[in-house]
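Remarks on the structure that follows.
Below, read A as the first sequence line, B as the second, and so on, with proteins coming before strands; counting in each chain starts at 1.
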Protein chains: 2
Amino acid sequence: MTEQDVERGPEPTEPVPAPYGAATDLLTVPFAGAPIFTRARALRPTGKVLPEHARSHNRALVLQTLYTAGAQSRADVARETGLTRVTISDLVADLIAEGLVIELGQREHARPGKPAILIDVDRAAFHIIGVDLSEHQRFLGAVIDLDGDIVSRAEVDRAGATGEHAIDLVIELVRTLLGSTTTPVLGIGVGSPGVVDPLGVVRSAPNIGWTDVALQARLADEFSLPVHVANDANVAVLAEHGASQLDDLLLVKIGHGVGAGLIIGGRPVIGSGFAAGEIGHVVVGTDGGPRCACGKHGCLEVWLAVPRLTARLDAIDPDSPDAASARDEILHEAGRRLGIVLAPVVGALNLAEVVLSGPAELLDGALHEATVDTLRNRTMAEHSRDLRLRMTAQAQDIVLRGAAVMVLSGQLGVA
Amino acid sequence: MTEQDVERGPEPTEPVPAPYGAATDLLTVPFAGAPIFTRARALRPTGKVLPEHARSHNRALVLQTLYTAGAQSRADVARETGLTRVTISDLVADLIAEGLVIELGQREHARPGKPAILIDVDRAAFHIIGVDLSEHQRFLGAVIDLDGDIVSRAEVDRAGATGEHAIDLVIELVRTLLGSTTTPVLGIGVGSPGVVDPLGVVRSAPNIGWTDVALQARLADEFSLPVHVANDANVAVLAEHGASQLDDLLLVKIGHGVGAGLIIGGRPVIGSGFAAGEIGHVVVGTDGGPRCACGKHGCLEVWLAVPRLTARLDAIDPDSPDAASARDEILHEAGRRLGIVLAPVVGALNLAEVVLSGPAELLDGALHEATVDTLRNRTMAEHSRDLRLRMTAQAQDIVLRGAAVMVLSGQLGVA
DNA sequence: TCATGTTTGTTAGTAAAGCTTACGAACAAA
DNA sequence: TTTGTTCGTAAGCTTTACTAACAAACATGA
C-alpha cells in the first residue's frame, strides 16, 4: 500500500465500506465437547474466515487498545490483548509503516529492566470531516481530529434548498472543510435526517426533498475519500456510545423532529427497513392529541418537537403571575408523553441508559423529570431501578462527533 | 477428542458455554485504504483471533450448510461456502471422525463426471432434551431430534412446588427423558419463566419461588451434559427464528403472564439486566385500567394474560343474545392494548415481523385483528406497511423446540 | 467402441498467521 | 560487579487454507 492510498483512501472505483450495514461477523462457535469461549454464543455463521481476516481483526484490536489506553509499550499491548509480544511487534511494524502508529521514545518512569519504547496512534496523522444535515436552516460541518476534538468549523445556509441544490451545498461545505486542513483526511462522515440505507443512499428525507439520493456515492466520487452516511440520530448515538462505553443505549434526539438512535449489545440497530429509531410519528397515549402533519393525532412529535414546544411556550403571557408554572406544565406534559412512548421500549429492551439530545433549556428540567417519573411509574420497578435518563454531554456537536466516530469505526475499527 | 466426549459433552468441571451470553464476535474490520468486506461494519474488536478460531468458525459453517440444505457432496458444500474442496474435505473428515457427519453413498442422479459421495449431518446421531417450565401447573419436557422433531414427551405435575422442591422436579423430569432414549444426548435446553442470566442462573422467577437458582450448574452437575438455560419467551423466539430465517423478530408469549423475546440483527437481545422482553408490567395507555398484582394500574398483563382474559370471557352470560359480540369486544380491547404497547417498540426497532404465541382460540381472531389495526394506526404507515403480525406455527411446543435450537446453536453453531 | 470432456475427491506443496523458544540489550537493585 | 528483570527481536514450528495437479468415474458424441 502506498502512502497515497492511506492519505486519499480507496479509489472511487473500489467499493467503500458501507456504514451502518449488516455486521459481517466472524464468530467463533463452540462445538460439542470443546467449548472455546466460556461466554461464547453461537449464531448462524455468516461466511468463511481466512487467516487474513484474523489478521485484520487483531490489527484493529491493537489500534483500539492504543486508541483508548493511550501511549504504551508493545509489551503492554501484548499483555492487554493476550497476543504475544512477537505478534504485537509484527502488527505494530505494519501500522508504523502505514503511518497510523508512531514511536514516542523511551518511557520516562524508570522500572527495572530494559526501558520500554512508547508507541501510540499517531493522533496528528489524520483528520476527519464530519457533516450534520439535521438542522433545518443550515448544514454544519467540522474538521475533527482522531481524538474527536473539533479543529475547525464551517457551515452553509440552507436557504430552503432541496434536491440537487442541497446536494451541491453539501459538496460545497465538504470542499471548504477539506481546504481548511493540510492533514490527510481519513474519511467523511455524514449524519442526514430521514431514512438512510447501509449503502449511504438517503431513501427519504422529506425536509430536504430527497428521495433515493445516493449521497455516499456522490461524495465518494467527488472527493475520492471513504464516505459514511447514516441517519442523524443513529449517528448521534455513536458519539454517545463512544463516550459512555455502555453496550445498550437509546438516544432521543429532539429538534425540528424527534428521532432516536439505538445501540443494543454494542451494535447499532438498523431496522428491517433501515428506519430504526423513527419514533416521531408513534402515537402517544389513548386520549388523542393535536393533529400532526402526518395526519394522525397525538404523535410524539406534536408533543415534543422543538417548534411545537416553543410555539406553546411563546403563547404564555410572560406578565401573567403564573407564567412560570404554565411553562413547567407544558414541559411536564411533553416529558410525560416522551415517557409514555419510551416505557414499552425500555421495558422490552431492558435498557439501562437513555440519553436526551436537544436544547438543554427545554429538556433539562421539568421535562426531564417528568420523563423519568413516567418511565419509572410505567415499567417494572426492579428492572428500571438503575435506569438512567440523562442529557448528552456532547451538546450541539453530537452529530458531528458521531460522524467522526462512524468514520473512525469504519476505517480503523476504532471507537 | 474421544467419542465419550462427544456423547457426554464436557466434564462438569469444564466451563459450559453460557447460553444467551454476550456475543464473542470475531469481527473483520476494514482499514484505511483497504476495505476487506464491502458491507462490513466495524465494531470495537473484542478479543484476539487465532487460526484455530477461524477453523471452528468454518467448521460450524460447514455444519450449518449441511444442516439447512441437507445431503450434498463435498464439492457442493465448497461451492456454497466459498471454501475450497480441499478445505471442505479436511473439515468434513474431522466431522466424520467425531460422528457428526456421515457419508450416505453415491448420488443417484447421474451427471457427467465422477459421481459425488453424499454427506449429511448424522441426524440420528444425537438427541436433545428440551424442558419448558413456563406453564403454571406442570413442567414439560421432550426428547427432540436434530431436525427439531419431538421424539417423545414427559411431564411432571408441579403441584405448587417451589424452591428446591421444584428443582428436584426438573431433575426428575430430565432423568425420565434421558432414560427414554439410548441415542447420545447433545445437551439439555431449559426455558424458564423469570429473569435468567447468561450463566443460566435464574435470578428471579416468582411463580416458582426461585431467586438466584443456579439451574444451569445444578443440571450440569447432575447429568454431566451441556446445559443451556434462558427465559421462556427468549427461548421461544429462537424456535421462531430458526423457522422464519428473519433477522429482526419480536415474539409475544401470552400465557399465565405476558412476555416477549427479541431477535435484532440476528442476535437475541438480552438486556442490561438480563430482563429483555419483560413487557408484562408495562402500563398501557393513559386511561388507567384494572389493578395489577404488581400494584400498578393498567399493566399489559391485566389486559392480556390468559387467566384474566378467560375470567372476563367466562363472566359473559352465554345465553345473552349478544354474547358473541361481548366476547369480540373483550378480545378486541385486549388486542388494542397489545398494539398500543407494541407500537413504540415496532417503531423504534423498525420491526418487520411480530409473532404471537399462546392459545389460538383467544389470540387468533378479533384480538389479532385489533392488534394489527392498532399497530398500523399508531406507527408510521410507510414503515409498517410490510409489518406482519402472525400466529406462531409452532403451537404448544414452541419453548421445547426453542430449547432444542438453543442447544443446537450453543453446541454445534447450527440453527 | 473409444476418445473426449466433466466432475469429484485427494495428494503435494505453498503462503500466511501466530506461537514457542531463545537471545541480546538495557536497566535497577543489591 | 553481579543478579534479576523487562523489552524487543530472530528463528523455527504449527495450524490453516490456498493453488496446482491428478486419478477415478462417469456422460457424451464421433
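Listed for the B:Asp122 side chain is no donor-acceptor partner under 3.5 Å among the backbone atoms of B:Val101.
Using a 4.0 Å cut-off, some side-chain N or O of B:Arg55 falls inside it from OP1 or OP2 of D:dA17. Taking only side-chain nitrogens and oxygens, B:Ser89 never comes nearer than 4.0 Å to OP1 or OP2 of C:dG9. For B:Arg79 and C:dT8, the shortest distance from a side-chain N or O to OP1 or OP2 is below 4.0 Å. An OP1 or OP2 oxygen of C:dG18 is reached within less than 4.0 angstrom by a side-chain nitrogen or oxygen of A:Asn58. Between B:Ser73 and the phosphate of C:dG9, there is a side-chain N or O to OP1/OP2 separation shorter than 4.0 Å. Contact annotation: A:Thr84 side-chain N/O to C:dT20 OP1/OP2 distance is not under 4.0 Å.
Atom CD of A:Glu103 is separated from atom P of D:dC7 by 15 Å (rounded to the nearest Å). D:dC26 atom P lies 6 Å from atom CD of B:Gln106, rounded to whole Å. Between the CG atom of B:Asp90 and the P atom of C:dA12 there is a distance of 14 Å, given to the nearest Å. In this structure, B:Lys114 places its NZ atom 20 Å from P of C:dG5, rounding to the nearest Å. To the nearest angstrom, C1' of C:dT14 lies 15 Å from CG of A:Leu50. Between B:His57 atom NE2 and D:dT15 atom P the separation is 21 Å, expressed in whole Å. What separates NE2 of A:His53 from P of D:dC18 is a distance of 10 Å, to the nearest Å. Straight-line distance from the CD1 atom of B:Ile117 to the C1' atom of D:dA24: 11 Å, rounded to whole Å.
Comparing D:dA10, D:dA20, C:dA17 against the side chain of B:Val86 picks out D:dA20 as the nearest. Set against D:dC18, C:dT10, D:dT16, the side chain of A:Lys48 has D:dC18 as its closest nucleotide.
No engagement by A:Ile88 is indicated, since no non-hydrogen atom pair under 4.0 Å with the nucleic acid exists. Contact annotation for B:Arg85: base contact, defined as any heavy-atom pair under 4.0 Å involving a base atom. Backbone-only engagement by B:Leu83 is indicated by non-hydrogen atom pairs under 4.0 Å involving sugar-phosphate atoms exclusively.
With contacts defined as side-chain heavy-atom distances shorter than 4.5 Å, the pair B:Val86/B:Ser89 does not qualify.
In terms of position on DNA chain C, the residue among A:Pro115 and A:Thr87 whose nearest nucleotide sits closer to the 5' end is A:Thr87.
Ion pairing between A:Glu103 and A:Arg74 holds under the 4.0 Å rule for side-chain N and carboxylate O. Classification of A:Asp149 and A:Arg123 as a salt-bridged pair fails, no side-chain N sitting under 4.0 Å from a carboxylate O.
Residue A:His57 comes nearest to B:Gly47 through the heavy atom pair NE2-O, 2.5 Å, listed as atom of the first residue, atom of the second, then distance.
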